[in-house]
Amino acid sequence: MSKFYITTPIYYINGEPHIGSAYPTIASDVLARYHRLKGDEVYFLTGSDEHGGKIAEAAEKAGKTPQEFVDELSAKFMECWDELNISNDDFIRTTSQKHKTGVVKLVEKLKANGAIYEGEYEGYYCQGCEAFVTEKDLVGGKCPTHLTVPQMISEKNYFFNLKKYLPELERKIDTGELKILPEHKRNEVLGLFKQEIGDFSISRSSLKWGIPLPFDESQVVYVWADALSNYITALGYDSDDEKFKKFWPADVHIVGKDIIKFHCVFWPAMLMAADLPTPKAVYAHGFFTVDGQKMGKSIGNVIDPFNLLKEFGTDATRYLLLSQFPFGQDGDIKASQFVIQYNSDLANGIGNFASRVLSMAEKYFGGAVPAKNNELKNQVAEIWKSYTDALENFQVDGAISAIRKLNQLGDGYVEINKPWELAKTDETRLSEVVYNLLEVLRHLGLMLYAVMPETAEKILASLGQQNFYAQNFDLLSSWGVLEQNTKTEKISGLFPRIQ
RNA sequence: CGCGGGGUAGAGCAGCCUGGCAGCUCGGCGGGCCCAUAACCCGCAGGUCGUCGGUUCGAGUCCGACCCCCGCAACCA
């Protein structure tokens, strides 16, 4: 039994949870559930990034203190994950005491190891925003919100000596000691090393809403040093030694492609500087457009996960989001496609298959599993292989393809064998066919568990397999687990059609 | 010369790394079936794979040039 530590990004909560944060969270949940089913000891972490100027600003706009503001929003995120049936083991908040002490210890360690030096940060500073702005933010040389010309000022900052760690880091990425996936993202990161990568500042004096720097309390730990640390502070870096030792390094950080550089360069370098192992893999997922356009409030095409949940329910929402395009690539989501796909894959596909198979068992055998038969053993084993291969490589969409294939195998098998005719002519053959169908349904349920846990449980329960996750996975995924005379029960309305 | 993604059937996508029958889902059309959630199965139509050139016995795939679209990202460290 091995361990599996998987993380999502921690979301910057200056707004409500939306589909952009739900997507990687669901995908990570699928991977976490798969590994648990396999028997791995899993630690699945998500959380919220709650410091920084933007949050202070948003809080002020809402007439709240920053702490009140993030308390409310982080609760919203937790509620959303709860409704999506996310099985995270912890939800790390960067304003939590556990995190703060961890960050302080990490920064002290970096300082002690000589990885931090004092320097000057130069940039345009907008008095109105009370923050540094980049030239890109300016409109006609002025701050777009305050319509003033920002001043070029410099302040004392503490810098992280990134350069010192780059050659060793490049080697790790090159040799695959730190895997960056998908492949093209790895090339992108290696490309960064060919350009100049400058040291970055890990503190700010102009910010108030953050963690005070232990060796200079006039400064605050700058966001990235603060946020990235969550992956170790959640495990109790320097406070809960046992948990930390057991799960660190992370097996995979699931990240958005916008934050690759921070996760593949800054973060591993910081870890190296603190004498800690680097993560085994960073997996970057893609972004999506909605109906061909970038999702945005101004366009009005934002998809709210709570609305999807209301319309389709937890399991279908999970399925629909993950099946739009390959995980790890960009793609487009069409709102109109959801209903179509729900009906075809879930109602007509999985729901109907479960329904037809279980009612045959009921009708022809009085709801008892007939004698075993191995006719579909090899075909199902092959589909399992594509399923596990996909998930071992974080290809969540590949698992969905395997599920579809198994569903098709089952439906096709019904047509070929025509049980309704066998019922009149050949009782023995009928029992073989129905056994095979029930066993296919069991495998389908098992494969569904990672993606649609509630549906999986319903299907497996209908076959008398309530305690499936407590069992040995190799056995469980092999053919012929369903014992003769096991009681079956019909399910109704697994996925009712949507008109 | 900032960086990245992309252009393959009516729609959405895979295939390209590692060249060898152009594939999947939805939709359309036709047929079959009656176990099932008006579900399921089979077949058909539909593509000069963005353009031009090159390499090759063979190019969607490799090389070069060009055209066009999108993003720099989830509301913004």
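To find a chain, count down the sequence lines: A is the first, B the second, and so on, and within it residues start at 1.
A:Arg186 has its CZ atom 12 Å from the C1' atom of B:C17, to the nearest Å. Across the protein-nucleic acid pair, A:Arg404 atom CZ and B:C41 atom P stand 13 Å apart, rounded to whole Å. In this structure, the CG atom of A:Asn417 is 19 Å from the P atom of B:C40, given to the nearest Å. Distance A:Ile340 CD1 to B:C13 P: 14 Å, rounded to the nearest Å. Spacing between atom OH of A:Tyr413 and atom P of B:C42 amounts to 16 Å, rounded to whole angstrom units. Rounded to an integer number of Å, the gap from CD1 of A:Ile400 to P of B:C13 is 16 Å. As a whole-Å value, the separation of A:Asn343 CG from B:C40 C1' is 15 Å. Put simply, OH on A:Tyr342 is 13 Å from P on B:A39, counting in whole angstrom units.
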Next on the checklist: ring pair (Phe, Tyr, Trp, His ring centres under 6.0 Å) for A:His285 and A:Tyr23? Distances and angles first, verdict last.
Outcome noted: CA-CA 9 Å; A:His285 71 263; A:Tyr23 177 65; 5.7 Å; yes

Checklist entry - So A:Thr95 and A:Glu50, side-chain hydrogen bond (donor to acceptor under 3.5 Å, both in side chains) or not? Walk me through it. => result CA-CA 6 Å; A:Thr95 55; A:Glu50 310 189 348; 2.5 Å; yes

Next on the checklist: For A:Lys385 and A:Glu382: C-alpha separation, side-chain torsions, deciding distance, then whether salt bridge (charged side-chain N to carboxylate O under 4.0 Å, His left out) applies.
Outcome noted: CA-CA 5 Å; A:Lys385 182 159 180 354; A:Glu382 231 167 86; over 6 Å; no

Checklist outcome for this item: Going 5' to 3' through nucleotides 29-38 of chain B and flagging B where a protein heavy-atom sits under 4.0 Å of the base, S where only the sugar-phosphate is that close, and - otherwise, we get ---BSSBBB-

Checklist entry - Could you write nucleotides 4-11 of chain B as a row of B, S and -, 5' to 3', where a protein heavy atom under 4.0 Å of any base atom gives B, of only sugar-phosphate atoms gives S, and otherwise -? => result -------S

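For the pair A:Lys76 and A:Glu79, the salt-bridge criterion is not met [side-chain N within less than 4.0 Å of a carboxylate O]. Salt-bridge check for A:Glu375 with A:Arg429: passed, with a basic side-chain N closer than 4.0 Å to an acidic carboxylate O.
Residues satisfying the salt bridge (Lys or Arg N to Asp or Glu O under 4.0 Å) test with A:Glu72, not counting sequence neighbours, are A:Lys64. When the side chain to side chain donor-acceptor pair (under 3.5 Å) test is applied to A:Ser218, the partners found at least two apart in sequence or on another chain are A:Asp216. Listed by chain and residue number, nothing satisfies the side chain to side chain donor-acceptor pair (under 3.5 Å) test with A:Thr317 (two or more places apart in sequence, or in another chain).
Stem analysis of RNA chain B (at least three stacked-register Watson-Crick or G-U pairs, each with both distances under 3.5 Å) gives B:2-7 with B:67-72, B:10-13 with B:23-26, B:28-32 with B:40-44, B:50-54 with B:62-66.
Ring orientation note: the planes of A:Phe77 and A:Tyr11 are close to parallel, at an angle under 30° on the 30°/60° scale. Using a 30° and 60° split on the angle between ring planes, A:His443 and A:Trp384 fall in the perpendicular class, above 60°.
A:Gln408 comes within 4.0 angstrom of sugar-phosphate atoms only, judged by non-hydrogen atoms across all strands, and of no base.
In summary, the aromatic rings of A:Phe266 and A:Tyr165 are positioned with their centroids too far apart to meet the 6.0 Å limit.
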